[in-house]
*Asks:* 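Before I ask anything, let me first share the structure, which is written out below as structure tokens.
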There are 2 protein chains.
Amino acid sequence: MNTKELIVGTANKQLIERGYNAFSYKAISEEIGIKTSSIHYYFPTKTDLGISIVQSHSKALADTIEKTKDKNALEKLNKLFLYYKRLVQDDKVCIVSALTSDINTLEEPLRIELIKFSNEVIAWTASILEEGHSQNTIKVMTDVPLKAKMIIANLMALIQITRIEKSKESFDQMTGLILAELTIN
Amino acid sequence: MNTKELIVGTANKQLIERGYNAFSYKAISEEIGIKTSSIHYYFPTKTDLGISIVQSHSKALADTIEKTKDKNALEKLNKLFLYYKRLVQDDKVCIVSALTSDINTLEEPLRIELIKFSNEVIAWTASILEEGHSQNTIKVMTDVPLKAKMIIANLMALIQITRIEKSKESFDQMTGLILAELTIN
DNA sequence: GTCTATATATAGATAGAC
DNA sequence: GTCTATCTATATATAGAC
């Protein structure tokens, strides 16, 4: 991993673990043992760095979509839920949640990137629902894009609730409930 | 409204409109025309002020519970949903959402207050579900506390999604869906 | 490409006059 | 109870040596 990637990775980790507050050049610099001025060499402004973080999530999602493209809808759905489960296990929140509280203070280019990523996640979820419908493994719903939005909203919020409770148990219970309601058995 | 209440109200507004970042003594001081040192007179530390903000939400909730205590379960449920709809209309998020991203950076007393308020909201929601069940207006569910948690999680997340989309339309569609699934008609 | 040094702004907080 | 003045820490950011 080169320095640039290390910076993005570290910044991302701090952002989703401790919030937008803890995401600072100084904190990154201390963690990876490099001066803040060196971070500015790669990312002149904090907005530049923020954009790179969101784009790294975008890229990871694209990879997952590519890797699972030959799996069936149920397997894809499980993959999606597994992604959020991992976040919970690591006491992290989704990047969308992490930035949404502060959305009114973000510079326009970063806000645009965040919206773009959020739409990609929802679009993939919707495509899984459509596919599951045609494979007769996922229940038909009247408004697929709306349902996709609700599923993602649910996962985002469940992570937050789980965090407050400091118990990872109810996350599994609740995702179990959502999956049970979605799938045909 | 006295100065102390004015400070809490202004701080709260900034917190849920622009996130934990924008919630600073300086920003409050500029908005209400008082020096930061005067704010410190009322709230020595930022944690003190944060606690007062959360407590003000707690008090508002207690008032709502008291005021609606003679209404039926469906009316209470509508009141609950209306509270979140108002937040969306004002481009605000729920206080729980606003602070959860940063929960790992909050001082213990503030974190405790946040958890307490979150539990109050969930408990009220659960009691509405129970009441609706006995009045035969709300569908029976296996695990009421879990369902209550999911409803609140849904509302919190819908606000966030709505914010990203800059469209208030899907909030109504989605809460409509939730209410339709919950109620007996 | 990484460093030292520095600039400027702001953070939360305190002492003490009035 | 509100002010001025000040403290210390930290923020993002830049200039320029190596």
Side-chain angles (χ1 to χ4, degrees), chain A residues 1-55 98-99 101-111 113-114, chain B residues 1-55 98-99 101-111 113-114:
Chain A
M1 184 151 39
N2 61 32
T3 307
K4 195 167 182 175
E5 286 167 346
L6 185 60
I7 293 168
V8 173
T10 306
N12 176 60
K13 203 182 72 184
Q14 293 185 355
L15 175 58
I16 61 185
E17 255 178 29
R18 318 208 317 131
Y20 196 81
N21 274 298
F23 159 45
S24 74
Y25 279 52
K26 182 151 190 276
I28 299 161
S29 118
E30 280 167 1
E31 184 166 338
I32 67 181
I34 194 176
K35 296 293 161 181
T36 58
S37 51
S38 302
I39 303 173
H40 278 287
Y41 170 77
Y42 295 100
F43 305 100
T45 71
K46 193 174 176 176
T47 297
D48 294 324
L49 180 48
I51 289 172
S52 282
I53 293 174
V54 178
Q55 282 174 344
L99 288 174
S101 314
D102 300 281
I103 199 159
N104 289 334
T105 65
L106 303 181
E107 284 189 86
E108 196 59 17
L110 177 52
R111 182 163 34 213
E113 209 60 38
L114 180 61
Chain B
M1 182 150 41
N2 62 29
T3 308
K4 194 167 182 175
E5 288 167 346
L6 185 60
I7 292 168
V8 172
T10 306
N12 176 60
K13 204 182 71 184
Q14 293 185 354
L15 176 57
I16 61 184
E17 256 179 26
R18 317 208 317 131
Y20 196 79
N21 275 298
F23 158 46
S24 74
Y25 279 53
K26 182 152 190 272
I28 300 162
S29 118
E30 279 167 2
E31 183 166 338
I32 67 182
I34 194 176
K35 295 293 161 180
T36 58
S37 51
S38 302
I39 302 173
H40 279 286
Y41 169 77
Y42 295 101
F43 305 98
T45 70
K46 194 174 174 177
T47 297
D48 294 324
L49 181 48
I51 289 171
S52 282
I53 292 174
V54 177
Q55 283 174 343
L99 288 174
S101 315
D102 300 280
I103 198 160
N104 288 335
T105 65
L106 303 181
E107 284 190 86
E108 197 58 17
L110 177 52
R111 183 166 29 213
E113 209 61 38
L114 179 62

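A note on names: the letters A, B, ... follow the listed sequences, proteins ahead of strands, and every chain is numbered from 1.
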*Asks:* How many whole angstroms separate atom CZ of A:F43 from atom C1' of C:dT2?
*Replies:*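 Nearest whole value for this atom pair: 15 Å.
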
*Asks:* I need the CD1-P distance between B:I7 and C:dA13, as an integer number of Å.
*Replies:* 14 Å

*Asks:* Rounded to the nearest angstrom, tell me the gap between atom CG in A:L49 and atom C1' in D:dA11.
*Replies:*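 Distance check: A:L49 CG to D:dA11 C1' gives 14 Å.
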
*Asks:* Can you figure out which of C:dC3, C:dG12, D:dG1 approaches the side chain of A:S38 most closely?
*Replies:*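 From the listed options, C:dC3 comes nearest.
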
*Asks:* Using the test side chain to side chain contact (heavy atoms under 4.5 Å, CB included), find all partners of B:N12 that sit at least two apart in sequence or belong to another chain.
*Replies:*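 Applying side chain to side chain contact (heavy atoms under 4.5 Å, CB included) to B:N12 gives B:I16, B:I53, B:H57, B:I95.
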
*Asks:* According to the salt bridge (Lys or Arg N to Asp or Glu O under 4.0 Å) rule, which pairs have a member within residues 4-22 of chain B, sequence neighbours left out?
*Replies:* B:K13-B:E31

*Asks:* Near DNA chain D, which residues from residues 13-37 of chain B have a heavy atom under 4.0 Å away?
*Replies:* B:I34, B:K35, B:S37

*Asks:* Return the minimal non-hydrogen interatomic distance between A:R111 and A:N104, and the atom names on each side.
*Replies:* NH1-CA, 4.1 Å

*Asks:* Keeping to residues at least two apart or across chains, list the ring pair (Phe, Tyr, Trp, His ring centres under 6.0 Å) pairs with something in residues 28-50 of chain B.
*Replies:* B:Y25-B:H40

*Asks:* With sequence neighbours left out, write down each residue that passes side chain to side chain contact (heavy atoms under 4.5 Å, CB included) with A:I32, or none if nothing qualifies.
*Replies:*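 Only A:L6, A:I7, A:T10, A:I28, A:I34 meet the side chain to side chain contact (heavy atoms under 4.5 Å, CB included) criterion with A:I32.
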
*Asks:* Quick one: salt bridge (Lys or Arg N to Asp or Glu O under 4.0 Å) pairs with a partner in residues 21-30 of chain A, sequence neighbours left out?
*Replies:*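 Salt bridge (Lys or Arg N to Asp or Glu O under 4.0 Å) check on residues 21-30 of chain A returns A:K26-A:E30.
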
*Asks:* Tell me: NE2 of B:H40 to P of C:dT10, nearest whole Å?
*Replies:* 16 Å

*Asks:* At less than 4.0 Å, is any side-chain N or O atom of A:Y41 found next to OP1 or OP2 of D:dA13? Yes or no.
*Replies:*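 For D:dA13, neither OP1 nor OP2 has a side-chain N or O of A:Y41 closer than 4.0 Å.
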
